[in-house]
Participant: 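Submitted below is the structure of interest, expressed as structure tokens.
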Amino acid sequence: MGKANMLVAGSANLDFVVRAAHVPAPGETVLGRELALFPGGKGANQAVAAARAGGADVRMLVALGDDAFAAQLEAPLRDAGIDAAIVRIAGSASGSAFICIADDGENSITVAPGANLHLAPEHLPAFGDASHLLMQLEIPLASVQAYARAARAAGVKVVLNAAPAQSLPRELLDSIDVLIVNEGELAALAGTHGETDLSVQCEAVGVACVVVTLGARGALLWRRDQPAIEQPAFPVEVVDTTGAGDVFCGVFTAELAGGAKPEVAMRHAAAASALACTKLGAQSGTPTRAELERFLADRAQ
């Protein structure tokens with residue numbers, strides 16, 4: 001695989017994480033245990049995964065507030081070797097997320113976007129030698145659309161992780177080269193009520209390449225007019241699933257940017273995502289490239 005060059009435009013949040021026996025049900029109060037703070041946010045998580053496990057040269061466009069949290073979000077990007085184009089939003093708090101992790105590894109997350117909501121179309125830097133643009137939906141939709149249009153005009157491939165789930169305009173979908181979604185997000189976009197066949201739902205979305213992450217069941221690669229490819233999950237002892245999907249997105253895009261075939265990118269992304277579940281924290285749990293390669297080599301024997 002060649003050296004990947006990519007741009008990530010997206011969010012950064014400081015994660016406030018508490019462990020508990022189970023995730024609270026509506027109206028329920030659960031007594032948790034220790035509180036820990038971790039850098040997170042879908043955009044930053046994916047950028048760190050692309051740089052660490054994907055081995056890519058990554059630039060990131062991100063908005064941070066003028067509070068004490070900003071430095072805690074910026075440092076991990078620098079440490080991962082990411083060239084961060086930071087938009088400073090005066091008078092705004094940086095993004096934050098409040099996460100409860102159950103003993104079985106499942107989680108419940110509430111996000112306060114803060115400065116992420118101020119990332120505007122005019123903030124997009126030049127693409128330079130980036131071959132792929134990776135985005136999510138924790139920044140304004142108008143900005144996502146503008147960045148996708150600019151990328152398409154510049155000949156840059158657009159990868160969108162359509163999370164959190166929301167309705168997307170046809171114009172945006174038509175600008176996407178690869179869509180990454182989980183089952184719930186796919187159903188929301190497809191609008192095929194009651195349909196359970198994933199390939200039918202992918203076809204209904206109208207994007208030529210769709211990757212569906214399936215949690216413990218792995219992932220599905222769907223491409224128009226080609227047979228769907230299933231990637232089984234790698235079994236691991238789960239500690240924390242927070243950010244596992246983001247690791248998948250970051251590594252998958254980095255692999256594509258480096259010239260890997262989609263089915264190879266799927267395998268590497270699934271392995272990195274599995275490894276991320278074995279440690280606590282979205283970014284701190286991201287494996288290095290060396291760890292990923294050892295993991296894959298052990299399972300090739």
Side-chain angles (χ1 to χ4, degrees), residues 1 4 6 8 10-11 40-56 58 60 80 105-107 109 132-138 157-165 176-186 198 202 207 209-223 228-236 238-258 260-279 281-289 291-293 295-296 299:
M1 190 181 80
M6 54 185 283
V8 178
S11 59
K42 286 189 171 298
N45 292 347
Q46 293 177 16
V48 168
R52 292 187 66 187
V58 180
M60 183 181 183
E106 290 304 312
N107 60 61
I109 305 173
H132 286 67
L133 169 66
L134 173 60
M135 297 185 290
Q136 320 75 33
L137 298 177
E138 288 184 339
K157 299 291 186 182
V158 178
V159 181
L160 178 67
N161 174 215
I176 297 169
D177 294 285
V178 181
L179 178 71
I180 305 177
V181 287
N182 63 25
E183 289 179 278
E185 292 152 359
L186 174 62
L198 294 178
C202 290
V207 176
C209 180
V210 181
V211 176
V212 188
T213 57
L214 304 170
R217 289 159 35 228
L220 177 84
L221 172 65
W222 178 91
R223 288 169 290 183
I229 296 175
E230 296 181 3
Q231 171 60 55
F234 290 89
V236 293
V238 174
V239 172
D240 178 13
T241 60
T242 305
D246 294 333
V247 171
F248 184 101
C249 294
V251 174
F252 182 81
T253 306
E255 293 282 332
L256 291 183
K261 294 181 178 180
E263 50 269 33
V264 174
M266 284 264 289
R267 177 172 171 79
H268 285 204
S273 179
L275 278 170
C277 292
T278 65
K279 299 178 183 178
Q283 290 175 30
S284 57
T286 301
T288 64
R289 184 71 185 183
E291 289 172 332
L292 173 59
E293 290 177 347
F295 183 84
L296 285 168
R299 280 143 187 82

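What you see below is based on every heavy atom in this structure, not just the backbone, and it leaves out hydrogens, waters and symmetry mates.
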Participant: Starting at CG of Leu221, measure out to CZ of Phe252 and round the result to the nearest 0.5 Å.
Facilitator: 6.0 Å
Participant: Using side chain to side chain contact (heavy atoms under 4.5 Å, CB included) as the criterion, list what pairs up with Pro164, not counting sequence neighbours.
Facilitator: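 With neighbours one apart ignored, the set is Leu137, Glu138.
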Participant: Where is the tightest heavy-atom contact between Ala51 and Ala80, given as atom of each residue plus distance?
Facilitator: CB-O, 3.6 Å
Participant: With sequence neighbours left out, what residues match Glu230 under salt bridge (charged side-chain N to carboxylate O under 4.0 Å, His left out)?
Facilitator: none
Participant: Run the side chain to side chain contact (heavy atoms under 4.5 Å, CB included) test against Asp246 and tell me which residues pass, sequence neighbours left out.
Facilitator: Lys42, Asn45, Gln46, Asn161
Participant: Applying side-chain contact (heavy atoms from CB on, under 4.5 Å) to Met6 and Thr253, what does each step give before you reach the verdict?
Facilitator: CA-CA 8 Å; Met6 54 185 283; Thr253 306; 3.7 Å; yes
Participant: Check side chain to side chain contact (heavy atoms under 4.5 Å, CB included) between Ala271 and all other residues, then give those that pass, not counting sequence neighbours.
Facilitator: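 Listed in chain order: Phe234, Leu292, Phe295, Leu296.
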Participant: Has the side chain of Glu185 got a donor or acceptor atom that lies under 3.5 Å from a matching backbone atom of Asn182?
Facilitator: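 Judged by distance alone, yes, a pair lies under 3.5 Å.
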Participant: What heavy-atom pair brings Ala272 and Val251 nearest, and what distance separates the two atoms?
Facilitator: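 Of all heavy-atom pairs spanning Ala272 and Val251, the closest is CB-CG2, 3.7 Å.
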Participant: So, using salt bridge (charged side-chain N to carboxylate O under 4.0 Å, His left out) as the criterion, who are the partners of Lys261 when residues are at least two apart?
Facilitator: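 Residues passing salt bridge (charged side-chain N to carboxylate O under 4.0 Å, His left out) with Lys261: none at all.
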Participant: Between atom NZ of Lys279 and atom OG1 of Thr242, what is the distance when rounded to the nearest 0.5 Å?
Facilitator: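 Between Lys279 NZ and Thr242 OG1, I get 15.5 Å after rounding to 0.5 Å.
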Participant: At their closest point, which heavy atom of Cys202 faces which heavy atom of Val212, and how far apart are they?
Facilitator: SG-CG2, 3.8 Å
Participant: Residues in side chain to side chain donor-acceptor pair (under 3.5 Å) with Gln231, at least two apart?
Facilitator: none
Participant: Could you report the tightest heavy-atom contact between Ala270 and Pro232, atom names first, then the distance?
Facilitator: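 Shortest heavy-atom contact: CB-O, 4.4 Å.
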Participant: Could you grab the distance from atom SG of Cys209 to atom CG of Leu179, nearest 0.5 Å is fine?
Facilitator: 9.0 Å
Participant: Atom CZ in Arg52, atom CD in Glu291: separation rounded to 0.5 Å?
Facilitator: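 Between atom CZ of Arg52 and atom CD of Glu291 there are 7.0 Å.
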Participant: Answer yes or no: is there a side-chain heavy-atom contact under 4.5 Å between Val159 and Cys249?
Facilitator: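 No, their side chains stay 4.5 Å or more apart.
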Participant: Checking side-chain contact (heavy atoms from CB on, under 4.5 Å) for the pair Leu198/Leu214: CA distance, chi angles, key distance, verdict?
Facilitator: CA-CA 11 Å; Leu198 294 178; Leu214 304 170; 3.8 Å; yes
Participant: Examine distances only and state if a side-chain atom of Ser273 and a backbone atom of Ala269 form a donor-acceptor pair shorter than 3.5 Å.
Facilitator: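 It does not hold such a pair.
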Participant: Applying side chain to side chain donor-acceptor pair (under 3.5 Å), can you list everything that pairs with Glu293, at least two apart in sequence or on another chain?
Facilitator: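 Glu293 satisfies side chain to side chain donor-acceptor pair (under 3.5 Å) with Arg289 only.
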Participant: Does any non-hydrogen side-chain atom of Val236 lie less than 4.5 Å from one of Leu275?
Facilitator: no
Participant: Glu106: what forms a side chain to side chain donor-acceptor pair (under 3.5 Å) with it, not counting sequence neighbours?
Facilitator: none
Participant: Quick one: NE2 on His132 to CG on Asp177, what's the gap to the nearest 0.5 Å?
Facilitator: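 CG of Asp177 is found 7.0 Å from NE2 of His132.
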Participant: So which atom in Ala244 and which in Cys277 form the shortest heavy-atom distance, rounded to 0.1 Å?
Facilitator: CB-SG, 3.6 Å
Participant: If you take all heavy atoms of Gly10 and Gln136, which pair is closest and at what distance?
Facilitator: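 Taking Gly10 first and Gln136 second, the nearest heavy atoms are CA-OE1, 3.2 Å.
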Participant: List for me each residue that meets side chain to side chain contact (heavy atoms under 4.5 Å, CB included) alongside Ala228, sequence neighbours excluded, and say none if there are none.
Facilitator: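 Counting only residues at least two positions away or on another chain, Ala228 forms a side chain to side chain contact (heavy atoms under 4.5 Å, CB included) with Ser199, Leu220.
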Participant: According to side chain to side chain donor-acceptor pair (under 3.5 Å), who are the partners of Arg223, at least two apart in sequence or on a separate chain?
Facilitator: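 Testing Arg223 for side chain to side chain donor-acceptor pair (under 3.5 Å), a comparison that skips the adjacent residues, returns none.
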